Amino acid sequence: MNAQQNPAQFRLGKPLVVAIDGPSGSGKSSISREVARRLRANYLDTGAMYRAVTIACMRAGIDLTDAVAVEAATRNADIELSTSPDAEWVLVGGEDVTQAIREPEVSSNVSAVATTLGARAELVRRQQQLIKDSGLRIVAEGRDITTVVAPTAEVRILLTASEEARLRRRGVQLGGSQSAAALREQVLTRDVKDSTVVNFQQAADGVVTVDSSDLDFEETVQAVLDVVFASTH
Ligand SMILES: Nc1ncnc2c1ncn2[C@@H]1O[C@H](COP(=O)(O)OP(=O)(O)OP(=O)(O)O)[C@@H](O)[C@H]1O
Ligand SMILES: Nc1ccn([C@H]2C[C@H](O)[C@@H](COP(=O)(O)O)O2)c(=O)n1
């Protein structure tokens, strides 16, 4: 029996931490959110936290190349975010920044925060607390969840896709409004920068790779659920 035949056996009501990492545009957020729904689990978008700190720094006029200032701003950042897969909201200082953190300017600047090690340490600490607060029933996704944030998760997955698939999907997601060069900057160049501090291109020991290049959305959800099933039985 696999997950498709009987999705109801996923240790319902019991702890289940599913850690998912992968490069930009591989489908981490959308696939993880749907997997969380089907597992009746919480959902944590850790990239949204890096984006929230970035917008807080930009609004405060903080020089993003100043690691000491970025680290201090991260420690002081008042961030709240939904951990329900059915409600997407992010607040910074009580203000709703759910849409603003997705703006291209934030995408261009977020790597400066993500590559500040002191900022990472603070956000990893908060993410681990959010996972505990979820009752350890959560799908958490990002770049270092399988290796740093939740290395002992019951299920650890690297979700990948070819560059071509990732660029195509992000282009469709943005409504065809971006040039090829802008898409490469937002997807591939950002990955190169982020890769300098975390490894999300190769699976660490014990991490299962799901390559979605030739899978559609539903097939990818099922492939992830199959790994969850196989890892917990
Ligand atoms: N297997 C798939 N087939 C087709 N489209 C997909 C698939 N997986 C994800 N998508 C679509 O690709 C787009 C990008 O996915 P998503 O935003 O989840 O990626 P991501 O890895 O979280 O990216 P980022 O790290 O840059 O935020 C979305 O529109 C999503 O619906
Ligand atoms: N665990 C994480 C999550 C995200 N990041 C960085 C890398 C990205 O450039 C940025 C935004 O993430 P996205 O919303 O695109 O998934 O945050 C990270 O370093 N570690």
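Just follow the structure's listing: the first ligand is 1, and inside any ligand the first atom is 1. Owing to the predicted nature of the structure, the values given are computational and were not obtained by experimental measurement.
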Which protein heavy atom lies closest to [atom], and at what distance to 0.1 Å?
atom                    : result
atom 9 (O) of ligand 2  : D194 OD2, 2.5 Å
atom 12 (O) of ligand 2 : G47 CA, 3.4 Å
atom 19 (O) of ligand 2 : R120 NH1, 2.7 Å
atom 17 (O) of ligand 2 : Y50 CB, 3.4 Å
atom 14 (O) of ligand 2 : R51 NE, 2.7 Å
atom 3 (C) of ligand 2  : T46 OG1, 3.3 Å
atom 15 (O) of ligand 2 : R190 NH1, 2.8 Å

Could you check whether any side-chain N or O of S212 sits under 3.5 Å from a backbone N or O of L215, counting only pairs where one atom can act as donor and the other as acceptor? no
So, [X] versus [Y]: side-chain donor-acceptor pair below 3.5 Å or not?
X    : Y    : result
S29  : E141 : yes
R51  : S107 : yes
D133 : Q129 : yes
T65  : D63  : yes
S111 : D194 : yes

Can [X] and [Y] be counted as an ion pair, charged N to O under 4.0 angstrom?
X    : Y    : value
R120 : D144 : yes
K28  : D21  : no
R59  : E95  : yes

What about M49 and V198, same hydrophobic cluster or not, with Ile/Leu/Val/Met/Phe/Trp/Tyr joined at side-chain heavy-atom distances under 4.5 Å?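 Different clusters: M49 never reaches V198 through Ile, Leu, Val, Met, Phe, Trp or Tyr contacts under 4.5 Å.
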Among the heavy atoms of R102, does any lie under 4.0 Å from an atom of ligand 2?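 It does; at least one heavy atom falls under 4.0 Å.
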From S108 atom OG to R190 atom CZ, the distance as rounded to the nearest 0.5 Å: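 The CZ atom of R190 is 8.5 Å from OG of S108, to the nearest 0.5 Å.
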Under 4.0 Å from a heavy atom of A114: give me the atoms of ligand 2 that qualify, with their elements. 6 (C), 19 (O)
Atoms in ligand 2 with a heavy atom of D144 nearer than 4.0 Å: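 Here the atoms of ligand 2 in question are 1 (N), 2 (C), 20 (N).
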Nearest heavy atom to atom 2 (C) of ligand 2 wins, so pick from R143, Q186, K193, M49.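 Among R143, Q186, K193, M49, the closest heavy atom to atom 2 (C) of ligand 2 belongs to R143.
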Taking non-hydrogen atoms within less than 4.0 Å of ligand 1, which protein residues qualify? P23, S24, G25, S26, G27, K28, S29, S30, I31, R143, R169, R170, Q173, R190, L215, D216, F217, T220
